[in-house]
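Since the structure comes first, as structure tokens, the remarks are kept for the end.
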Protein chains: 2
Amino acid sequence: MSRSAKKEASRDALLNQGVSMLMRQGYHGTGLQEILDAVNIPKGSFYNYFDSKEDFGAKVIQHYVDPFIAQLTTHLRYSETDALDAIQCYFDELVTELEKNDFQGGCLLGNLMGEIGDTSLLCQQSLQTAVTRYRDLLQSGLVKAQQQGTVRVDKSAGEMADLLINAWQGGLLRAKIEKSSGPVRQCCQDLLGDFFRPLTSASR
Amino acid sequence: MSRSAKKEASRDALLNQGVSMLMRQGYHGTGLQEILDAVNIPKGSFYNYFDSKEDFGAKVIQHYVDPFIAQLTTHLRYSETDALDAIQCYFDELVTELEKNDFQGGCLLGNLMGEIGDTSLLCQQSLQTAVTRYRDLLQSGLVKAQQQGTVRVDKSAGEMADLLINAWQGGLLRAKIEKSSGPVRQCCQDLLGDFFRPLTSASR
DNA sequence: GGAAATAATATGACCGGTTGTCTTATTTTG
DNA sequence: CAAAATAAGACAACCGGTCATATTATTTCC
């Protein structure tokens with residue numbers, strides 16, 4: 001294994017561990033030592049990979065959101081006929097994952113927005129771009145669904161994407177303290193299954 | 001001033017300061033020393049008022065939510081004819097307050113749910129009861145609005161209360177990192193001004 | 001090609017500061 | 001004066017960050 005590849009592997013291990021620990025214990029609730037121990041990397045090496053804890057946090061945020069972007073992208077790609085269904089399937093997967101983890105953690109973006117959203121400028125910017133990336137992808141999916149006639153067109157896809165993300169975030173917080181997937185399930189049902197639907201003569 | 005009244009005053013000062021600092025800097029991001037200094041109470045005295053930092057956090061949560069309950073209750077009381085309007089006015093006030101604070105802090109409940117929602121059982125329970133109190137009050141307002149015919153009846157008031165709270169929480173997080181009241185305004189408009197409205201022949 | 005010199009990287013002890021908590025001492029009260 | 005409330009300060013543990021040193025890699029020279 002080449003030198004730079006090994007370095008990249010260590011970086012990745014730190015980021016992965018960072019995602020899981022920051023999500024569960026928060027930014028200030030997680031020490032660097034704790035993360036480094038978990039992946040067996042010496043303390044002194046940390047600053048070979050990242051400039052500071054704050055920089056690390058910002059990188060962890062980007063690392064966290066990548067798989068979600070990929071997952072949603074996949075769903076959207078292989079479901080050209082029914083984008084709304086693709087979105088629903090995607091969120092169903094998230095719910096399943098959440099249940100598997102006993103509702104721990106929730107969403108790193110939401111947690112960090114609340115904790116350090118206005119104390120760390122670096123992380124704030126990282127959170128902004130992460131959320132925007134996610135939002136824009138969701139918007140593109142909703143645009144497709146609009147074109148397919150499964151989603152109402154009298155509201156902009158962007159507006160609906162925002163609402164869905166916001167309600168999902170809030171639902172995740174509730175799910176976390178109630179230890180139940182009820183809140184997130186209901187939120188998806190209310191929006192994707194009702195509010196976003198086009199008005200037909202038979203509806204409601 | 002009686003002895004117990006003075007003690008109560010110190011307790012209150014600590015709780016008020018706790019609300020403001022925990023909201024802005026988070027639970028782990030705020031030290032007891034910092035809070036105590038701000039209200040000029042010696043460090044050694046802290047444990048005369050609270051059992052531990054965790055206990056303090058739980059009490060701060062309850063202390064935080066009280067004014068919101070009172071504020072919403074007032075709006076609902078003095079607006080027997082239009083409960084939906086009362087709810088809208090209430091949220092408008094919240095938006096104004098948020099703008100006045102330059103979008104800092106957000107909601108203590110949301111922030112702490114994310115940060116310590118599944119690491120501190122004590123705070124988790126406190127968060128649960130606080131959110132439930134708030135939700136139930138909002139639900140009662142929506143029931144009134146349903147009876148007044150301004151809110152659709154084919155969805156339960158509880159379901160809508162949950163959705164509103166969740167979307168509001170998410171919107172607050174977005175507002176915080178975008179430094180804009182857009183997200184929360186839009187969220188209120190989408191739900192109170194559209195989704196919750198009864199279906200009339202002229203709508204949409 | 002092999003040895004010596006040089007550069008680059010990895011590391012763990014250590015820094016000043018702060019954490020939450022507790023024991024001990026002082027002050028206040030009835 | 002006894003009892004209870006309050007304050008002081010010590011405590012060990014931990015924080016993020018630094019740095020001299022040890023290890024490894026690369027280049028230079030014969």
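Lettering follows sequence order; numbering is per chain, from 1. It should be emphasised that the depicted structure is a prediction, and the values quoted were computed from it without experimental measurement.
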Check: protein-nucleotides 16-21 of chain C nitrogen or oxygen pairs below 3.5 Å:
unit_1: C:dG20; atom_1: OP1; unit_2: B:K53; atom_2: NZ; d: 2.7
unit_1: C:dG20; atom_1: OP2; unit_2: B:L32; atom_2: N; d: 2.8
unit_1: C:dG20; atom_1: N7; unit_2: B:K43; atom_2: NZ; d: 3.1
unit_1: C:dT21; atom_1: OP2; unit_2: B:Y47; atom_2: OH; d: 2.4
unit_1: C:dT21; atom_1: OP2; unit_2: B:K53; atom_2: N; d: 3.0
unit_1: C:dT21; atom_1: O5'; unit_2: B:Y47; atom_2: OH; d: 2.9

Short side-chain N/O contact from B:N48 to OP1 or OP2 of D:dA5, under 4.0 Å | no
Is it true that the side chains of A:N111 and A:E115 contain a donor and an acceptor less than 3.5 Å apart?
-> no
Short side-chain donor-acceptor distance under 3.5 Å, A:S126 and A:Q62 | yes
Under-4.0 Å salt bridge between B:R152 and A:D194 | yes
Does the side chain of B:Q25 pick up a donor-acceptor pair with the side chain of A:T119 at under 3.5 Å?
-> no
Residues 13-23 of chain B, side-chain donor-acceptor partners within the protein, below 3.5 Å, at least two apart:
unit_1: B:N16; atom_1: OD1; unit_2: B:H63; atom_2: NE2; d: 2.7
unit_1: B:N16; atom_1: ND2; unit_2: B:D12; atom_2: O; d: 3.2

Calculate the interatomic distance between B:D37 atom CG and D:dA7 atom C1'; express it in whole Å.
-> 14 Å
Rounded to whole angstrom units, what separation is found between the CG atom of A:N40 and the C1' atom of C:dT11?
-> 14 Å
A:Y49 OH to C:dT9 P: how many Å, rounded?
-> 11 Å
Under the salt bridge (Lys or Arg N to Asp or Glu O under 4.0 Å) rule, what pairs show up with a residue in residues 72-93 of chain B, not counting sequence neighbours?
-> B:E80-B:K144
Please determine if a side-chain N or O atom of A:S45 lies less than 4.0 Å away from the OP1 or OP2 oxygen of C:dA10.
-> no
Within residues 154-184 of chain A or reaching into it, pairs that qualify as ring-ring contact (aromatic ring centres under 6.0 Å, His included) - sequence neighbours excluded = A:F91-A:W168
Please, which pairs that meet ring-ring contact (aromatic ring centres under 6.0 Å, His included) have at least one residue in residues 129-163 of chain A, sequence neighbours excluded?
-> none
Mind running a 4.0 Å heavy-atom check of residues 118-126 of chain A against DNA chain C and sending the residues that fall below it, in number order?
-> none
